[in-house]
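See below for the structure under consideration.
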Amino acid sequence: LTTSSRLFEFVMRMLATGQNCLPAAGIGAMAQQLAARLPADSIHTGTRVQQVFGAAGGRPCRVQLADGQSVAAARGVVVAVEGPEASRLLAGALDVSGGACSAWCCSCVERGCACM
């Protein structure tokens with residue numbers, strides 16, 4: 001494992017005692033609930049992304065969509081995908097070889113992106 005024994009024990013305890021949950025409508029319901037509370041033009045869900053570009057030179061983050069459109073993100077971008085896909089979207093800026101991205105997440109937040 002690449003995680004600490006404390007994290008492993010915590011996760012196992014939550015699984016064993018039933019103190020974890022999943023929405024009845026599936027994990028996608030969480031994104032829908034969050035999106036419902038935001039202005040309509042502030043979030044894009046169900047959209048295929050080609051690449052995410054960090055903020056640079058006073059420019060905001062930018063998301064290149066698979067259909068060719070480009071979306072500027074004034075406040076940032078949340079990349080909520082598995083490590084290898086995050087690495088692809090972020091043009092290799094995320095090193096997933098060690099199984100964790102904590103060091104990259106810190107520098108990513110400075111660039112206006114967040115790795116989840």
Side-chain angles (χ1 to χ4, degrees):
L1 291 174
T2 59
T3 61
S4 71
S5 63
R6 290 182 64 201
L7 178 60
F8 175 77
E9 290 170 5
F10 171 77
V11 171
M12 291 308 294
R13 184 171 47 251
M14 294 299 107
L15 291 171
T17 61
Q19 295 183 21
N20 57 347
C21 61
L22 182 66
I27 198 70
M30 292 177 65
Q32 292 169 351
Q33 289 172 356
L34 291 170
R37 305 184 112 222
L38 296 170
D41 63 344
S42 69
I43 189 167
H44 298 263
T45 59
T47 304
R48 185 162 297 283
V49 173
Q50 184 64 37
Q51 191 170 359
V52 177
F53 300 92
R59 294 185 316 249
C61 289
R62 186 170 57 85
V63 178
Q64 183 71 40
L65 303 179
D67 67 4
Q69 292 183 42
S70 181
V71 178
R75 297 191 66 187
V77 175
V78 175
V79 178
V81 296
E82 303 230 354
E85 180 63 3
S87 184
R88 183 192 72 76
L89 289 173
L90 298 163
L94 174 62
D95 177 13
V96 295
S97 60
C101 66
S102 59
W104 186 85
C105 287
C106 294
S107 63
C108 184
V109 169
E110 293 167 8
R111 290 180 20 200
C113 300
C115 172
M116 300 183 76

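Computed from heavy atoms alone, side chains included, the values below leave out hydrogens, waters and symmetry copies.
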Inset, instruction - Check whether the side chains of R62 and Q64 place a donor and an acceptor atom closer than 3.5 Å, and report yes or no. - result: yes

State the [atom1]-[atom2] distance between [X] and [Y], to the nearest 0.5 angstrom.
X   : Y   : atom1 : atom2 : answer
M30 : L34 : CE    : CG    : 6.5 Å
L65 : Q50 : CG    : CD    : 9.5 Å
Q33 : L38 : CD    : CG    : 12.5 Å

Inset, instruction - Check the surroundings of atom CE in M14: do more than 12 heavy atoms from other residues, nucleotides or ligands lie under 6.0 Å from it? - result: yes

Legend entry - Heavy-atom pair of closest approach, residues P60 and A73: CB-O, 3.4 Å

Inset, instruction - Over all heavy atoms of both residues, which pair between V81 and A86 is shortest? Give the atoms and the distance, please. - result: CG2-N, 3.4 Å

Inset, instruction - Decide salt bridge (Lys or Arg N to Asp or Glu O under 4.0 Å) for R88 and E85; before the verdict, give the C-alpha distance in whole Å, the side-chain angles of both, and the deciding distance to 0.1 Å. - result: CA-CA 5 Å; R88 183 192 72 76; E85 180 63 3; 2.7 Å; yes

Legend entry - Partner of V77 by side chain to side chain contact (heavy atoms under 4.5 Å, CB included), out of V49, L90, V52: V52

